[in-house]
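Read the structure below first, then the notes.
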Amino acid sequence: MPELPEVETIRRELERDVIGKRIKQTTVHGTRTVRRQTKKQFISRLEGAKITGVDRKGKYLLLQLDTGDVVIIHLRMSGQLLRLPNKEPAIKHTHVVVTFTQGGQLRFVDPRTFGEVFVVSGENLAEEAPELATLGVDPVEEPISWTDFARLMMANPMKLKAFLMDQNLIAGIGNIYSDEILFAAGLRYDRMTDTLSSQEIRRLYRALVETLHEAIKYGGSTLADEGYVDLNGRPGEFQEHHKVYARDRQPCRRCRRNQVTKAKFQGRSTYFCAVCQV
DNA sequence: CGATCTACCTGATGGC
DNA sequence: TGCCATCAGGTAGATC
């Protein structure tokens, strides 16, 4: 579900809310969410530790602990992190509950159980979490120059949507934001990276950075099923600013005449305006 | 090599 | 009302 703007929204809330908090107790339910290590190993490395920092790389959240360990969280399609009082009854699909000594809990809720939580040693992060080591540049956390962006495109000839969504090239963009970025850039999802003029590359880069920052400003996108909510259970507002995503058969917000087209690309729904995007 | 599928899951929705 | 098919923010791995 969540892409970079949603994960960044949660990261900022966590940074305000859980840094300096010490973990009193951790409980794990089921076998799917904590699957890389035993529950016992996971729990023993969390209990007693204090959270000293909250980082994000692409769609991954990293909780830094004062023990040198790092808790890595990926929400995948339906994961949620919720800050709740201890007494609040557990809702369905609550898989991990962290209770702080200062009171209050951090809960990981995930109906589809694609999401994952695991703990690694900060020193051996690259070996213990290889998927993090191969992630590409995070366009919000570590902005690159548009000339480096151009080089990255030229070195990887592929369709634009595949390029934007390849986590090992650029980390954090998924199905919603790739479509919104391409609309903002006026480019079709199936154009090849190595066919763009330098003006088009600059337009794409600018659209990428601006779309992600705007989305963060509005707290991310919450679709009809309310799959994404922030740490306090509140939905985002960027969906109100979507230009194409899930707007098929509705008039394009730019040209106001053509209907937004829905297509399939790599098995995913893809939305674009055939007039405004070339 | 890329493109295309499948698997991993639950739940919402729409057609009949 | 039920039943079945389809679809959903992601990613890894198999297969063609």
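Below, chains carry the letters A, B, ... as their sequence lines are ordered, and counting in each starts from 1. No hydrogens, no waters, no symmetry mates; every other heavy atom, side chains included, goes into these values.
- Listed by first residue number, the stems of DNA chain C with at least three Watson-Crick or G-U pairs below 3.5 Å are B:2-8 with C:10-16, B:10-16 with C:2-8.
- Residues satisfying the salt bridge (Lys or Arg N to Asp or Glu O under 4.0 Å) criterion with A:Arg206, sequence neighbours excluded, are A:Glu210.
- Here A:Arg83 pairs with A:Asp17 under the salt bridge (Lys or Arg N to Asp or Glu O under 4.0 Å) rule; sequence neighbours left out.
- Rounded to an integer number of Å, the gap from A:Tyr271 OH to C:dA8 C1' is 9 Å.
- Every salt bridge (Lys or Arg N to Asp or Glu O under 4.0 Å) that A:Arg151 has, sequence neighbours left out, goes to A:Asp148.
- Remark: A:Thr99 pairs with A:Gln105 by the side-chain hydrogen bond (donor to acceptor under 3.5 Å, both in side chains) rule, at least two apart or across chains.
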Close N or O pairs between protein and nucleotides 9-13 of chain B (under 3.5 Å):
from	atom 1	to	atom 2	distance (Å)
B:dC9	OP1	A:Arg32	NH1	3.2
B:dC9	O2	A:Arg112	NE	2.8
B:dC9	N3	A:Arg112	NH2	3.4
B:dT10	O4'	A:Pro111	O	3.3
B:dT10	O3'	A:His93	NE2	3.1
B:dG11	OP1	A:Lys92	NZ	3.3
B:dG11	OP1	A:His93	NE2	2.6

Could you go through residues 264-272 of chain A and list every donor-acceptor pair under 3.5 Å that involves a side-chain atom there, pairing it with any protein atom two or more places apart or in another chain?
from	atom 1	to	atom 2	distance (Å)
A:Thr270	OG1	A:Lys161	NZ	3.1
A:Thr270	OG1	A:Arg268	O	3.3

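- Residues satisfying the side-chain contact (heavy atoms from CB on, under 4.5 Å) criterion with A:Thr33, sequence neighbours excluded, are A:His95, A:Val96, A:Phe108, A:Val117.
- The side-chain hydrogen bond (donor to acceptor under 3.5 Å, both in side chains) search around A:Asp248 returns none, not counting sequence neighbours.
- For DNA chain C, the neighbouring residues in residues 238-249 of chain A, judged by any heavy atom under 4.0 Å, are A:Tyr245.
- Per the geometry, CZ belonging to A:Arg36 stands 15 Å off C1' belonging to B:dC8, to the nearest Å.
- The closest side-chain donor-acceptor pair between A:Tyr177 and A:Ser221 falls under 3.5 angstrom.
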I'd like a table of donor-acceptor pairs (distance under 3.5 Å, sequence neighbours excluded) in which one partner is a side-chain atom from residues 41-60 of chain A, with atom names and distances.
from	atom 1	to	atom 2	distance (Å)
A:Gln41	OE1	A:Thr38	N	3.1
A:Gln41	OE1	A:Thr38	OG1	3.4
A:Ser44	OG	A:Lys40	O	3.3
A:Ser44	OG	A:Gln41	O	3.1
A:Arg45	NE	A:Asp69	OD2	3.0
A:Arg45	NH2	A:Asp69	OD1	3.1
A:Glu47	OE2	A:Thr26	N	2.9
A:Thr52	OG1	A:Gln64	O	3.3
A:Asp55	OD2	A:Gln64	NE2	2.8
A:Arg56	NE	A:Glu8	OE1	2.7
A:Arg56	NH1	A:Gly58	O	2.9
A:Arg56	NH1	A:Asp138	OD2	2.5
A:Arg56	NH2	A:Asp138	OD1	3.2
A:Arg56	NH2	A:Asp138	OD2	3.3

Sequence-aligned protein contact record of nucleotides 11-16 of chain C, with B where the base is within under 4.0 Å of a protein heavy atom and S where only the sugar-phosphate is: BS----

